[in-house]
Amino acid sequence: MKNLEFLRELNPAQAEAVKTVFGSLLVIAGAGSGKTRTITCRMAYLVAQGVPPEKILLLTFTRKASKEMIKRAESLLKMDCDRIMGGTFHSLCQYMLRFYGHLLGYKPNFTILDRGDTEDLINLLRNSLGLAERKKRFPRKDTLANIYSKMINQQKGLEEILTSEYPQFLDHYHEIEKLFVEYINYKREHQLMDYDDLLLNWLEILKNFPQVRKEVGERFEFIMVDEYQDTNILQGEIIKYMGEIHKNIMVVGDDSQSIYGFRGANYKNIFEFPKLFPDTKIIKLEQNYRSTQRILDLANAIISNSEIKYTKNLFTFKKEGKKPVLFKAKNETESSKFVADRILELREKGVKLSQMAVLFRSAYHSFDLEVELTKRGIPFLKYGGLKLLESAHVKDFVSFLKIISNPEDFLSWHRVLLLLEGIGPKSTEKIINYLKQNSSNIPHALEKLTFQFLLKEFKELVVFLNEMWKNKISPSETLLNVWNFYKPVFERVYYEDYYKREKDIEGLIALSEKYDTLEEFLTDLVLEPPEISDVEKPVKDEDFLVLSTVHSAKGLEWHTVFIISLIEGRFPSIYSINNEEELEEERRLFYVAVTRARENLFLIAPMTVYIPDEGKTLAKLSRFIKEVPSSLLEYYREKTENIPSENGKKFKVGDMVKHPHFGVGEVIEILSSEKIKVFFEEKGSTLLHLKYTNLEKLI
DNA sequence: CCGTACAATGTTTTT
DNA sequence: CATTGTACGG
C-alpha cells in the first residue's frame, strides 16, 4: 500500500468523493471548492490502490488542465502516471478515430478542419453552387458554419434552428439544406472532419459497433469528467457508452458555472446524469477555499438573482476581507487609468503582476487598457479573443504545411495557389481540378502543369514542394524551409504590415520544436489552438499581468481581479439581452468572473463609451450590479463630484453640454461654482463663466 | 483573367 | 478594424 497521507488534507465531502471509486458519482462542486484537488487525489488514490494508470480516463476542458492534474497526481504519489489517458473530448475522439475510423471509411490520417477551414470550405461550396450571386441576402459563411454547428451540437433540425435563431434566413431553407448536404459529402469524400464530426463519428462507432464498445469499455475502468456542466448531448452519450461496462464514472460540475450554452452545452446534463446511471451517488462540495467572505457574499447575491434555482450555497471560513470596489469611470480612458494605478499600487505592496488579472466579456473590451498598460510599461499576457490560427498570414503558412503533410488537401491548395502572383480564382480552380483527377501522382501532375502555367512563382512552388516531399526532415526544419519559401510572397501580400505579422510565424516555428512529426504538430494546432500570447512572449520567468476573457479564465484564480466594461450591452452582451436563457448564461458568466478573486475584487464601469458611428454614447451600469444590494459594494469616490452651481445648473465632469456658438462639448473640469472648463470639438478646451453663458445640459 | 482600390459590413464567448 | 465584396483598369 502506498502512502495515502494526502487524503488527510481533504474535508469530509472531498474525501468521500475521492474514496467512492465504484459506481457512478456526481460531484456538484462550487467555485473554489477544491475541485481540482479532489480530482487529482482521486486519481492518485486509484493508482495507489493498484489500478493501472492506463485504465483511467480523465476528460477535462483543456489539455493543459488535464496535464496539470496528472502532474499533480504524480507528485502526490511520487511516481509516473503518464499512462493515464487525459485530454478533451475532442482529443479523445480524435485519438479513437485514428484507430477505429476505418469502420466508417476514414483513413487514420484524416484531416481535422478548424473553424476557419470549415468556413473556407462552406464558402467554396456556396460559390460552386451559385448561391453567392443572389439578390436576396444569403447568410455569410461564418453564419452558415454557426447554424450547422448548432444543429449538430444541439441535435436539432435545420428548421428549428432557423426559426428560433435566424428567422431572417428561413426563405433560404432549401438552399441552406442543399449546401449542408454538399458540405457533408465533400468532407466524406476528402477525408475531412470538423470539430463536430469528431464527436459525431466517434459516437456513431460506439452506437453501431458493439465490439468496439466492448473493447474500449473494458479498457477504461474508471472515467472522470471535469466541467460536466459544459458538455453537450453528444458528449453525454459518449460517456454513457464508454462507461457502459464498468459503470465507474465520476462527473464533476457546477450548474451555476455553465457558460458554453452557445456551443450546445447544457447545464441540465448534470441533472440528466443520474437518470443515465440510476444508482448515482451525489456529493456536494460547498466549502469555498478561495475567496474572502465579502467576495463570496457578492457572488451568492449575483447568482440568487437567477430565475433558475441552483443546487448549492457557498460558504467559507476565510476572513471577512475587503468589500468589492465599484468604480464608475467617466469613460474608458479613466477606467484604464484606474486599473493601471491600482495595479502599480499593489505591485508596490508586493503583489506580483501574475497574481492579478483583468477580466472582460469580449476580447475587444481591453483594447483601451492595453494601450495604457503599454504606455506605462506594465507587461501583460492576453488570453481569449483572436487565436493565432485565425490570422490570415498564419493560415497561409499552415496551408503550406498541410500540403506537405497531405498533398491531397485541396482546401489548402486553394489557399496557397491564390497567394501566387498571376494566379486568381479561375486558374486555381483549373489547377485543383487537374490535381484531383490525377491525385494518384500529384508530383507528376504538377510537373505537367508547369508547362501550362508559365509563372515564376508557380514553378518555384512546384520545385519547393517536390523537395519537401522527397526529404524527410524534422518539423521545425520543415517550418523553416516553408518560411524561406513563403517570406517573399508574404512580404508582397502583406506589404503594409508584414513586419508586425512576422513574429507570429517565428513563434510558430519555436512552438514546432517540441514535436517529432509534422502531423502531430498540425493536429495539436487544431485541437489546442495556441493563443497569440503563447508565442509573442516566450519568456516564461518574467512577471506578467493577465488579461483574459471570462471564458478563458475558467478554473483559474488570482489574488486581485478587475472586471472591466460592466455596462449594459457589453456585460451582459448586447446579443443576449433579448433572450431570457442567454441572459441567465451571462449572469453565470459574471458569477464565474467574480469567483476568480481571492482577496481583492474591482468592478469597473465606464459611463461613456465610443461607438464607431454614433460617437460618444452614454452607458448604463450593468444590470448585474444594479440588482445586487448596494451594501455589498464599496463605491470608489469620484474626485470631482457634483459641485452645485449657484444659478441652479448642476454640471459635473463628463456632462455633455450645448453652447449657443460652439455647439456640443464635454465638461472636463469644474473650477468653481461659476467657472467650468469645456472641451468643444471645434474650439478645443475653453474656460466658461456660467454667469455669462447660456449653457444647456444635454445629458 | 488578374490585381488593385475602394466601399461596405458586421463585430461574443471556443473545441 | 479588418475582413469581404465590388468595380474597374491593365
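First the proteins, then the strands, lettered A, B, ... as listed; each starts at 1.
- Set against B:dT15, C:dT3, B:dT12, the side chain of A:H90 has B:dT15 as its closest nucleotide.
- Residue-level contact check: A:G384 touches the backbone only, with heavy atoms under 4.0 Å from sugar-phosphate atoms and none from bases.
- Residue A:H365 contributes atom NE2, which lies 12 Å from atom P of C:dC1 at whole-angstrom precision.
- The aromatic rings of A:F410 and A:H190 lie perpendicular to each other, with more than 60° between the two planes, well past the 30° mark.
- Across the protein-nucleic acid pair, A:L144 atom CG and B:dG10 atom P stand 13 Å apart, rounded to whole Å.
- Distance, A:K554 NZ to B:dT15 C1': 11 Å, rounded to whole Å.
- If you take OH of A:Y364 and C1' of B:dT13, they are 12 Å apart, rounded to a whole angstrom.
- Spacing between atom CG of A:L198 and atom P of B:dT14 amounts to 19 Å, rounded to whole angstrom units.
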List every contact pair, protein side and nucleotides 3-5 of chain B side both N or O, where the distance is under 3.5 Å.
{"unit_1": "B:dG3", "atom_1": "OP1", "unit_2": "A:G422", "atom_2": "N", "d": "2.2"}
{"unit_1": "B:dG3", "atom_1": "OP2", "unit_2": "A:I423", "atom_2": "O", "d": "3.3"}

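- If you take atom P in B:dT13 and the same atom in C:dT4, they sit 16 Å apart, rounded to whole Å.
- Contacts of A:Y260 with the nucleic acid, taken as non-hydrogen atoms under 4.0 Å apart, involve only primed sugar atoms and P, OP1 or OP2.
- Between A:R570 and A:E332, at least one side-chain N (NZ, or NE/NH1/NH2) sits under 4.0 Å from a carboxylate O, which counts as a salt bridge.
- Listed candidates were B:dC2, B:dT12, B:dT15. Nearest to the side chain of A:S427 is B:dC2.
- Minimum atom distance to the side chain of A:D142 is reached by B:dT11, of the listed B:dT13, B:dT15, B:dT11.
- Pairing each heavy atom of A:Q154 with each of A:G261, the nearest pair is NE2-O, 4.3 Å.
- DNA chain B is contacted by both A:V526 and A:R361; A:R361 maps to the nucleotide lying nearer its 5′ end (nearest heavy atom per residue).
- The pair A:E586-A:R361 meets the salt-bridge criterion, with a side-chain N (NZ, NE, NH1 or NH2) lying under 4.0 Å from an Asp/Glu carboxylate O.
- One atom, CD1 of A:I122, and another, P of C:dT4, lie 13 Å apart when rounded to the nearest Å.
- OP1 or OP2 of B:dT14 has at least one side-chain nitrogen or oxygen of A:T549 nearer than 4.0 Å.
- Using a 4.0 Å heavy-atom criterion, one finds that A:S552 contacts the sugar-phosphate atoms exclusively.
- Closest contact between the side chain of A:K141 and the listed nucleotides B:dT11, C:dT4, B:dT14 involves C:dT4.
- In this entry the distance linking CD of A:E119 with P of B:dT14 reads 14 Å, nearest Å.
- Side-chain contact annotation: A:Y106 with A:D197, donor-acceptor N/O pair under 3.5 Å absent.
- The cationic group of A:K554 lies under 6.0 Å from the six-membered ring centre of A:F61 and within 45° of the ring axis, placing it in a cation-pi geometry.
- Looking only at atom types and distance, the side chain of A:K382 has a donor-acceptor partner in the side chain of A:S366 under 3.5 Å away.
- A:S149 and A:D196 form a side-chain donor-acceptor contact under 3.5 Å, judged by distance and modelled atom types alone.
- For A:K426, the listed nucleotide lying nearest its side chain is B:dC2; candidates were B:dG10, B:dC2, B:dT15.
- Here B:dT12 is the nucleotide among B:dT15, C:dT4, B:dT12 with the atom lying nearest to any side-chain atom of A:Y575.
- Counting non-hydrogen atoms under 4.0 angstrom, A:A363 reaches the backbone sugars and phosphates but no base.
- Between A:D226 atom CG and B:dT15 atom C1' the separation is 15 Å, expressed in whole Å.
- OP1 or OP2 of C:dG5 lies within a sub-4.0 Å distance of a side-chain N or O belonging to A:R126.
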